[in-house]
Number of protein chains: 2
Amino acid sequence: MPRESVRAERRTEALSRERIVQAAIELLDAEGESGLTFRALTTRLATGAGAIYWHLANKDEILAATTDFIVDAALNVVGDEAAPADALRAVALGLFDAIDAHPWVGAQLSREPWQAAMLQIFERIGGHLEALRVPQKAQFFAASTLVNYVVGVASQEAANARNPVHGGDRDAFLAIIAGKMSALDPGKYPFVTRLAAELPGHDDREQFLAGIDLILAGLAATAVKR
Amino acid sequence: MPRESVRAERRTEALSRERIVQAAIELLDAEGESGLTFRALTTRLATGAGAIYWHLANKDEILAATTDFIVDAALNVVGDEAAPADALRAVALGLFDAIDAHPWVGAQLSREPWQAAMLQIFERIGGHLEALRVPQKAQFFAASTLVNYVVGVASQEAANARNPVHGGDRDAFLAIIAGKMSALDPGKYPFVTRLAAELPGHDDREQFLAGIDLILAGLAATAVKR
DNA sequence: ACCTGAACACCGTTCAAGT
DNA sequence: ACCTGAACACCGTTCAAGT
């Protein structure tokens with residue numbers, strides 16, 4: 001005897017891990033990290049909390065699975081046909097854009113160093129180092145430097161997205177930050193106060209890529225020596 | 001009429017922002033990120049929740065203040081007498097060691113891109129770039145690359161510390177990770193499976209410094225060109 | 001001005017009970 | 001085997017009331 005209701009969706013398909021993960025992604029995208037609760041999830045899936053626990057162990061596993069899904073999709077649209085440095089840039093930019101679209105992924109990556117999504121990132125980045133003529137012994141260091149940099153940027157993207165001002169008006173957000181920076185004591189903060197002027201209109205994506213290029217330049221300087 | 005109790009400390013000093021922040025740091029160090037709750041804090045300070053809210057706006061502000069305190073202490077033991085690259089390494093290592101001792105700081109840094117602790121890190125890192133002959137226009141990119149790298153490493157340190165196995169036995173922890181990595185399909189994960197052998201016995205601090213040196217090498221390659 | 005602590009509106013997770 | 005949903009043990013935050 002299904003009720004006729006406007007909001008409550010009748011469940012047509014059986015519950016499954018995949019359906020739960022999809023619903024979780026939709027919630028996270030729509031409401032942000034705080035939007036994913038068992039209450040919201042059970043409402044959306046028209047089920048009880050216990051049903052979700054039947055398919056996934058706990059909230060951490062839901063978050064890991066959603067992150068895997070987005071990272072996997074982001075990494076597998078990248079082709080491998082380009083020169084190694086370009087391929088590496090494409091991988092990094094693919095990740096950046098995915099986290100830009102799903103900022104909660106950025107926060108999640110920093111919480112799971114050795115889980116599936118991170119291992120996949122490690123592989124897709126590290127796999128290009130041989131072609132870049134990075135010595136075998138330096139490849140672990142090189143890959144982890146690149147990965148840690150990506151994770152750092154990702155976490156900051158996630159934090160910025162959490163800021164309510166940022167969601168509405170990015171220019172206003174940057175202006176506020178720039179204001180705070182230029183209000184600091186120039187005697188104690190000569191660098192930051194000078195930087196404040198450069199903040200408005202700056203491009204996160206371009207800056208991200210500049211960092212990748214800087215690390216690649218360091219690798220090139222090292223690789224040349226052997 | 002003070003009760004005579006073994007555990008409950010009678011409060012001798014008045015409550016203050018400083019006392020609350022110190023108590024919060026002790027809780028975070030002793031119990032980890034999940035140990036800081038208003039219940040635990042009010043018990044330790046022998047007060048009520050409202051008293052804490054009188055001195056600090058909310059939990060985020062407590063976390064920001066504790067992070068400021070640790071970062072400030074870490075950055076201000078570093079002298080400036082060395083060559084610019086060495087000074088920069090000293091700043092980075094000071095941060096690494098502080099986060100190693102207080103892993104919750106690592107998690108917190110990734111949540112507050114433009115707050116006091118991060119601005120101070122930005123300043124202490126960026127302030128050496130002029131001496132490193134990094135062109136003015138590249139200093140913003142260079143500083144943010146270094147800072148993002150540090151934040152990435154910091155967040156992974158925090159995540160590792162959260163892992164219960166890690167707390168007890170680091171070798172066992174690395175062995176488990178290495179096992180998971182070598183269990184992957186070498187066809188899909190050639191890089192990661194090969195890396196598994198290098199994981200046991202590897203030194204996080206050394207690896208962190210190698211990343212800093214890699215970025216510095218990139219900067220040197222860029223600076224030389226002008 | 002500063003503090004108390006009960007009450008409120010949430011959480012994630014468990015589990016007896018249903019089918 | 002799979003699902004339900006009330007109950008449990010927590011949270012951060014508020015606020016009327018005290019001093």
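Below, read A as the first sequence line, B as the second, and so on, with proteins coming before strands; counting in each chain starts at 1.
Remark: C1' of dC2(C) and CZ of Arg19(B) are 14 Å apart, rounded to the nearest angstrom. Spacing between atom NE2 of His55(A) and atom C1' of dG12(C) amounts to 18 Å, rounded to whole angstrom units. As a whole-Å value, the separation of Leu56(B) CG from dC2(C) P is 13 Å. As a whole-Å value, the separation of Glu61(B) CD from dT13(D) P is 11 Å. One interatomic measurement links the two molecules: CG of Leu27(B) to P of dC11(D), which rounds to 11 Å at whole-angstrom precision. For the pair Ile20(B) CD1 and dT13(D) P, the interatomic distance rounds to 13 Å; values are reported in whole Å. The CD1 atom of Ile62(A) sits 9 Å away from the P atom of dG12(C) (whole-angstrom rounding). The CZ atom of Phe38(A) sits 18 Å away from the P atom of dC10(D) (whole-angstrom rounding).
Between the side chains of Asp72(A) and Gln120(A), at least one donor N or O sits under 3.5 Å from an acceptor N or O. Side-chain contact check for Gln108(A) and Arg111(A): at least one donor-acceptor pair (N or O, by modelled atom type) lies under 3.5 Å.
The side chain of Ala51(A) has dC3(D) as its nearest neighbour among dT13(C), dC3(D), dG12(D). Of the candidates dA1(D), dT13(C), dA1(C), dA1(D) carries the atom nearest the Trp54(A) side chain, counting heavy atoms from C-beta on. Nearest to the side-chain atoms of Leu15(B) among the listed nucleotides dT13(D), dG12(C), dC3(C) stands dC3(C). Side-chain atoms of Ala14(A) lie closest to dC3(D) of the nucleotides dA6(D), dG12(C), dC3(D). Distance from the side chain of Tyr53(A) is smallest to dT13(C) among dT13(D), dC3(D), dT13(C).
Looking at Phe191(A) and Leu195(A), their side chains come closer than 4.5 Å, going by heavy atoms from C-beta outward. Between Arg194(A) and Gln139(B) the shortest side-chain heavy-atom distance falls below 4.5 Å.
Distance CG/Leu36(B) to CD1/Ile62(B): 6.0 Å, rounded to 0.5 Å.
Residue-level contact check: Leu41(B) touches neither bases nor backbone, having no heavy atom under 4.0 Å from any strand. Within the 4.0 angstrom heavy-atom criterion, only backbone atoms of the sugar-phosphate kind lie near Leu36(A); the bases stay farther away.
Side-chain atoms of Arg39(A) and base atoms of dG5(D) include no donor and acceptor less than 3.5 Å apart.
A residue-by-residue look at Gly50(B) and Lys59(B) shows that Lys59(B) has its nearest nucleotide of DNA chain D further toward the 5' end. Each of Ala49(A) and Asn58(B) was assigned the nucleotide of DNA chain D with the nearest heavy atom; the assignment lying further toward the 5' end belongs to Ala49(A).
Taking atom C1' in both dA17(D) and dC2(C), one finds a spacing of 13 Å when rounded to whole Å.
Base pairing analysis places dG5(D) opposite dC15(C); the two distances defining the Watson-Crick or G-U wobble pair are each below 3.5 Å. The partner of dC10(C) is absent, by the rule that a Watson-Crick or G-U pair needs both atom distances under 3.5 Å.
Aromatic ring pairs are classed by plane angle as parallel below 30°, tilted from 30° to 60° and perpendicular above 60°; the pair Trp114(B) and Phe122(B) is tilted.
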